[in-house]
Asker: 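Pasting a structure here, questions to come.
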Amino acid sequence: MGIKDLLPALVNSTQPITIEEMVGTVVAIDASSWLHRGIYSCAKELFLGQKTDSYIKFFMDRIELLLRNRITPLVVFDGPSPLPAKAQVAAERREKRTIAKQLAWISLRQGDENRARQHCCSAAEITPDMVNNIIKSSIVLQALKDKGVDFVVAPYEADPQLALMSLSRTADYIITEDTNLLVYGAKQVIYNWEGDRGQLICQHLLYRSFPDLPDFTFQKFQYICILAGCDYLKSLPNMGIEGAKNFVKALGDRDIFMQVKNIGLFVGGHITVPPEYPDNFKMALNTFTYQTVYNPDKGYTPLHEYPPGLSAADFTYAGLPLPDAPVADLSRTWVSEDVLNKTDQTDFTFKGTSSSDDESTESTHSTPYNLRSQQQKPISTVLSIGEDLKWTPPSFPVMTIDFITGTLSSEHSQTHTQCLFEASDRRVLLYTPPFDIIIQRSCTITAQNTSYLVVWEWGFHEPPINFEAHRNDTESEDESDMFELDSDSEDDDRDHVLPFEVMGVAHSRRRQEVLEWAHDEMVERNSTPQVELIPERINPLDEIAIAVCINTARGPETVGYIAKEMTQYVHPIINTNRLTCARIGRIAFRTTYENYGWFMKLLITRKGTWDRAVIRQSRHIM
DNA sequence: CAGTCGCGTACAT
DNA sequence: TACGCGACTG
Ligand SMILES: [Mg+2]
C-alpha cells in the first residue's frame, strides 16, 4: 500500500540513476521487495510446498551485481513482531491471501497455469525460512568474496529501520518499492530498481513537486501523505493526494492538529471528519516518527527520540521495544576482522549494454575476477567431532543455524582450531576422526564467547566419491520452439555484438580444463583460441541445441551450450553471412553462492539488430 | 473536467 | 508493492 498515488505526484522530484553513479556507496535494501519479486519465479512450487530456492537466485544475483560495482549492500528485513498500528492492514492482507489461496487451488485444478501462478503469487507470504535462506546464502557469499553483506532484521517494519540507516548516514541510498520510506524521512530513495538502474527521489528535492506550497517543509509533506491515506490510517472518503495538498496549502501556518476536524471547511463541503480521526491522525504521525527500530549502538530505540516526559508506554501502537535488546556492531557482526580486513583485490566494473533503443553497444571488457583458483587450498585435519551447537546471530534473532562442533589442525600451523560444520551436511559424520579435508569456504564467528571457524564448504582430501558441480540445465522442456526468421530489420547491415552466457560449463571436468587452457592461452600467450558454434540435434524431436566449441590441439571441443531460450535467435543465422563473428568475450574463474569454476562469456556479432529478447538477456550477463 | 474509488494485472525464468 | 483502466461525482 504505502501512500496512495504518491509516486506519480513526485515526478518532478524524480531522476534516473544508474549503478555506475553509485560505485563506492552503501545501499540499504528493502529485502521484502526483492523477495516478493523473486517469488514470482517459483510461486507455484512454494504454494505446493515443494522445495525450491530460485527466489534466492534472484536475490543473490542482484546482490552480486552490487558487489561487482563495489557497492556495499545492507539488507534489511521486516521483523517477526506485528505492529499494532498496522493491525488493520495486516488483517486485510491476510484475508486477501486466503482468497488467493482458494483461487489458486481452483485454477490449479482447472489446469489454468497462468492464473494459478498469479494467484500463487498473491497467496505467497514471506516466511522466516526464506529470510533464513537468504541470510545463509549471503554468509556463504560473504565468505567467498571476503566482502561484507550486512543484515538487519528490524523489530517491526523494515521501513523505519531503512530510514534509520539513511538518517544515520549508514546508507547512502535506500532501494525499495515502498513509498512509506519518504514519509519516514529517508534522504535518498531509489524506486523501480531494475538491477542496474532506477528512479531516485531525494528528500531535498521534494519541494519541486509542491510548487503550490509557498513554504514547503518536510513536516507538511508528512501531513499530506497521511491525509492521502497510509497503512496506519485510511484516508477520509473523497480525500486523496490532491485534496490533502489543498488542505495543507489552505492551512498555512495554523496548527494542523487543531484543524483536522475542520477539513471540510478548508477544502469543500463533501468531506466529513469522524470524531476519532484527529486522534488517529496524530497516532499515525507518531508511528512514522517513533516506531521502534534496532539501533546498532543502543539496542531498540524509537526512530526519533520520544518527546520530553513521554516514553514507549505512550506509543505502544508504534511498537514496544523488544526484550533482550542485543547491542552489536552493525558492520559485519558475525564475520571476523581478519576475513574482512583482507585487502580487496577485486576490481569490478560493470557496464550494462545500455541504451533502450535497439542500438547494441560494443561489449565492454570488464576487469576479470581475481583468480582464486591459483591459491593452493591447504589441507586440514579434523581431529575430533563433538556436540551440536545452535547459534543465533546476535543481531538477527529470527535465525538459528544448527552446527556440529569439531577441532581442526591445519597443514601450516600446529595449533588446534575450534570449528563448526553445518549440521545438515552429514558427510562430516561419515568417518571417524582424524581425517583430512580441504576447506573451500570459511569464516569466523563468535558464539558463546568462543571463536569458531565456520567451515561452509569443504571436501574430503581424497574424496571417497567423485563429486562434481552438476548443472541440470541440459534438460529441455517439451516446448515446440519455432525458429522464426528475422523480420523487419533486414535493411540494417551494421554489426551488432551482444554477450551470451555459455551454459553447462561445469558439466564435466574436461569442459573446465578446456576453459582453463583457453584462459591461460589468452593471458600468458596473448593468443585467443577460436570459437565455433555447432548446432546439434539433441533428441529425435528435431530440437536443436547450439554447442559452443573451442578449438584446442585436439580439435573443436564443446565447453557448453547457448542458453536454450536464445537458440531460436542464434540458430537461423549460423552459417550465414549475417553471423559475422563468434568469439570469446571473457573467461574467468567465478565463485557464486551456488557454484564455482571457470565460466565463459561469448560474444556474437551479427549484421542487423538482435531481437529485443536477446538484448534484454544480455544486460544480465556479467 | 479533475479527482477519487475500486477493480484487475504485473512483477521472474 | 505499484500500475492502469473505467466509473462515478461535484
Ligand atoms: Mg515495508
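Here the structure is a predicted model, which means the values were calculated and not measured. Each chain gets a letter, A, B and so on, in the order its sequence line appears, and its residues count up from 1.
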Asker: Which sits closer to the 5' end of DNA chain B, A/C121 or A/D5, going by the nucleotide each is nearest to?
Answerer: A/D5

Asker: Round to a whole Å and report the spacing from NZ of A/K96 to C1' of B/dG8.
Answerer: 11 Å

Asker: Round to the nearest Å and state the distance from A/L227 atom CG to B/dG3 atom C1'.
Answerer: 16 Å

Asker: What is the nucleic acid contact for A/G243, judged by heavy atoms within less than 4.0 Å: base, sugar-phosphate only, or nothing?
Answerer: sugar-phosphate

Asker: OP1 or OP2 of B/dT4 less than 4.0 angstrom from a side-chain nitrogen or oxygen of A/S235, does that happen here?
Answerer: no

Asker: Using the side-chain heavy atoms of A/S41, tell me which of these nucleotides is nearest: B/dC5, B/dT13, B/dT4.
Answerer: B/dT13

Asker: From C-beta outward on A/Q118, which listed nucleotide comes closest to its side chain: B/dT4, C/dA2, B/dT9?
Answerer: B/dT9

Asker: Can you confirm if the aromatic rings of A/W193 and A/Y173 lie within a centre distance of less than 6.0 Å?
Answerer: no

Asker: Would you kindly give the CZ-to-P distance between A/R37 and B/dA10, to the nearest whole Å?
Answerer: 15 Å

Asker: Taking OP1 and OP2 of B/dC5, is either one under 4.0 Å from a side-chain nitrogen or oxygen of A/K4?
Answerer: yes

Asker: I'd like to know if the side chain of A/Q161 and the backbone of A/V293 have a donor-acceptor N/O pair within less than 3.5 Å.
Answerer: no

Asker: Less than 4.5 Å apart, side chain to side chain, heavy atoms only: is that true for A/T558 and A/E536?
Answerer: yes

Asker: I want to verify a distance call: between B/dT9, C/dC3, B/dA12, whose nearest atom is closest to the A/R115 side chain?
Answerer: B/dT9

Asker: Which part of the nucleic acid does A/L236 contact within heavy-atom distance under 4.0 Å: base, sugar-phosphate only, or nothing?
Answerer: sugar-phosphate

Asker: Tell me, do A/F266 and A/I271 make a side-chain contact under 4.5 Å, heavy atoms counted?
Answerer: no

Asker: For the pair made of CG in A/L181 and P in C/dA2, what is the distance, rounded to whole Å?
Answerer: 10 Å

Asker: Would you kindly give the CG-to-C1' distance between A/N114 and B/dG8, to the nearest whole Å?
Answerer: 15 Å

Asker: If you find the nucleotide of DNA chain B closest to A/A244 and the one closest to A/S122, which residue's nucleotide is nearer the 5' end?
Answerer: A/A244

Asker: Measuring from the side chain of A/R117 (C-beta onward, heavy atoms only), which nucleotide among B/dA12, B/dT4, C/dA2 has the closest atom?
Answerer: B/dA12

Asker: Rounding to an integer number of Å, can you tell me how far A/N246 CG sits from B/dA2 P?
Answerer: 14 Å

Asker: Just how far, in rounded Å, is C1' of B/dT13 from CZ of A/R62?
Answerer: 13 Å

Asker: For A/L10 and C/dC3, what is the distance between atoms CG and C1' respectively, to the nearest whole Å?
Answerer: 15 Å

Asker: Please check if the distance between the ring centroids of A/Y223 and A/F247 is under 6.0 Å.
Answerer: no

Asker: Hey, does A/S54 reach any base, or is it just sugar-phosphate, or nothing, if we go heavy atoms under 4.0 Å?
Answerer: nothing

Asker: Choose from B/dA12, C/dA2, B/dG3 the nucleotide whose nearest atom is closest to any side-chain atom of A/F58.
Answerer: B/dA12

